[in-house]
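Reminder, nothing fancy here: chain letters follow the sequence lines and each chain counts from 1.
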Amino acid sequence: EITWNTMLNAYICSKNLNEARICFDEMPQRDIVAWTSMVTACVNLGNLDEAKVLFDSMPNKDATSWTVILTAYARSGDILKAHSLFLIMPVKDTVAWNAMLSAFVNAGEMDDAKKLFDKMPIPTTVSWNAMVFGYGRLGQVSKAKEMFDVIPRKNLESWNAMLGVYAQNQGLHQARDLFAGFTYKPDVISWTTMITANANVGDLDGAKSCFHQTPCRNSVSWNAMISAYTHNRLGKEALDFYKEMDIEGIEVDESTLVVVFDACSQIGVLKQSQIAHSHFLNHKCMGC
RNA sequence: UGGCCUAUAAUAUU
């Protein structure tokens, strides 16, 4: 049963829904995990309607399966549907509460989010983190900070979330202070956030310094640095950085292409075509 | 073996 599920997941991971479905149909017995995996697969491939049909035909459902479909509707923008699913699901565990909370948060509905948060039987660090993030999104930095300050057991994500609030609201000095007081070793996300915090107020030297201090730099670090330049209308510097990325053999992703395209629009036509050419070559090798 | 929070880009909202 577990090996069947492992096989099913292998098909799902390779985005091979048809094979997954055949595997699913041929399984001697389909447990709740197999059903939920299939629903998740449909959701992840953007097929919400099919996911709902599958969900409705599940012989039994637990909090996990309800949460999958709830989150799917929330992400599709149908917050009302998500909420009605939340109301009718028979057993709500902490993850389900957090999923509904994030649904409100991502919709920018912080009043609803706060009401739900206050009603949560067992708020977790994830719940507080979501609230911090949500206030920050709306530019309510002080509210975010008040929430952050009362998180009983902060994890690294809590610190990163608060750092992100400052970064997105032009609070470079506050970001620096917070960063200096981290009780965890900053990870690549913390550092990328610091790059953005600097870039958002035009401090490119600061951004570059953070970039160079980043341990285990990944594509996102590079993308952040390239866009630091483009946001400050420095297309040439952005493209120089991209070339460096290319030389270092860092994997280019869709964000890289978008950012570099932006940089191209800031420079001359001749260079644009050269860059476009090398992008094309890189693009052909992606996703292998 | 399946579901929730934090980084870069775009989009939407402001």
Pair of N/O donor and acceptor under 3.5 Å linking G3(B) base with Asp62(A) side chain: no
Gap between atoms CH2 and P, on Trp97(A) and C5(B) respectively (whole Å): 17 Å
Roughly how far, to the nearest 0.5 Å, is the CZ atom of Phe24(A) from the CG atom of Asn18(A)? 14.5 Å
With ring centroids as reference points, do Phe148(A) and Trp128(A) lie under 6.0 angstrom apart? no
side-chain contact (heavy atoms from CB on, under 4.5 Å), paired with Leu234(A), selected from Asp240(A), Leu204(A), Ile267(A), Leu239(A): Leu204(A)
Round to the nearest Å and state the distance from Arg30(A) atom CZ to U1(B) atom P. 21 Å
Can you identify which nucleotide, out of C4(B), U8(B), U13(B), has its nearest atom closest to the Val95(A) side chain? C4(B)
Please pick, from G2(B), U8(B), C4(B), the nucleotide with the shortest atom-to-atom distance to any side-chain atom of Val220(A). U8(B)
Look at all strands and tell whether Val258(A) reaches a base, only sugar-phosphate, or nothing, counting heavy atoms closer than 4.0 Å. sugar-phosphate
Checking G3(B), A12(B), C5(B) against the side chain of Arg137(A) (C-beta onward), the nearest is A12(B)
For A9(B), take OP1 and OP2 only and decide whether either is under 4.0 Å from a side-chain N or O of His231(A). yes
Closest to the Ala130(A) side chain, choosing from U1(B), C5(B), A7(B): C5(B)
Less than 3.5 Å between a donor and an acceptor, one on the side chain of Ser37(A) and one on the base of G2(B), is that the case here? no
Where the side chain of Thr192(A) is defined as all heavy atoms beyond and including C-beta, which of U8(B), G2(B), U6(B) is the nearest nucleotide? U8(B)
Provide, to the nearest angstrom, the distance between the CD atom belonging to Gln168(A) and the C1' atom belonging to A7(B). 9 Å
Expressed in angstrom and rounded to an integer, what is the separation of Trp66(A) atom CH2 from C4(B) atom P? 18 Å
Are Arg75(A) and C4(B) close enough that a side-chain N or O sits under 4.0 Å from OP1 or OP2? yes
Length of the NZ-P vector between Lys61(A) and G3(B), whole Å: 18 Å
Would you classify Asn218(A) as touching base, sugar-phosphate or nothing, given that sugar-phosphate means primed atoms plus P, OP1 and OP2, and contacts are heavy atoms under 4.0 Å? base
Of the listed nucleotides U6(B), U8(B), C4(B), the one nearest the side chain of Phe133(A): U6(B)
Rounded off to whole Å, could you give me the NZ-to-P distance for the Lys145(A) and U6(B) pair? 20 Å
Quick one: do the Asn155(A) and Asn129(A) side chains pair a donor with an acceptor below 3.5 Å? yes
Identify whether any heavy atom of Val68(A) sits under 4.0 Å from a base atom; if not, whether one sits that close to sugar-phosphate; answer base, sugar-phosphate or nothing. sugar-phosphate
What is the distance, to the nearest angstrom, from the CG atom on Asn9(A) to the P atom on G3(B)? 9 Å
Which of G2(B), C5(B), A7(B) is nearest the side chain of Thr36(A)? It is G2(B)
Regarding Thr6(A), tell me which of base, sugar-phosphate or nothing describes its non-hydrogen contacts under 4.0 Å with the strands shown. nothing
Candidate list Ser221(A), Cys216(A), Cys210(A), test side-chain contact (heavy atoms from CB on, under 4.5 Å), partner Trp191(A), passing option: Cys210(A)
State which of C5(B), A7(B), A9(B) makes the closest approach to the side chain of Ser255(A). A9(B)
Would you kindly check whether a donor in the side chain of Asp93(A) faces an acceptor in the base of G3(B), or vice versa, at under 3.5 angstrom? yes
From the list U6(B), A9(B), G2(B), which nucleotide is the closest neighbour of the side chain of Val33(A)? G2(B)
Among A9(B), U6(B), G3(B), find the nucleotide with the atom closest to the side chain of Asn160(A). U6(B)
Measure from CG on Asn169(A) to P on A7(B) and round the result to the nearest Å. 13 Å
Does one side chain, of Asn160(A) or Thr193(A), offer a donor that lies under 3.5 Å from an acceptor on the other? no
Does Thr94(A) reach a base, just sugar-phosphate, or nothing at all? Heavy atoms under 4.0 Å. nothing
With a non-hydrogen cut-off below 4.0 angstrom, is Ala34(A) in contact with a base, only sugar-phosphate, or nothing? nothing
Once you apply a heavy-atom cut-off of 4.0 Å, does Ala107(A) come out as touching a base, just sugar-phosphate, or nothing? nothing
With side chains defined as the heavy atoms from C-beta onward, is the minimum distance between Ser190(A) and Leu156(A) less than 4.5 Å? yes
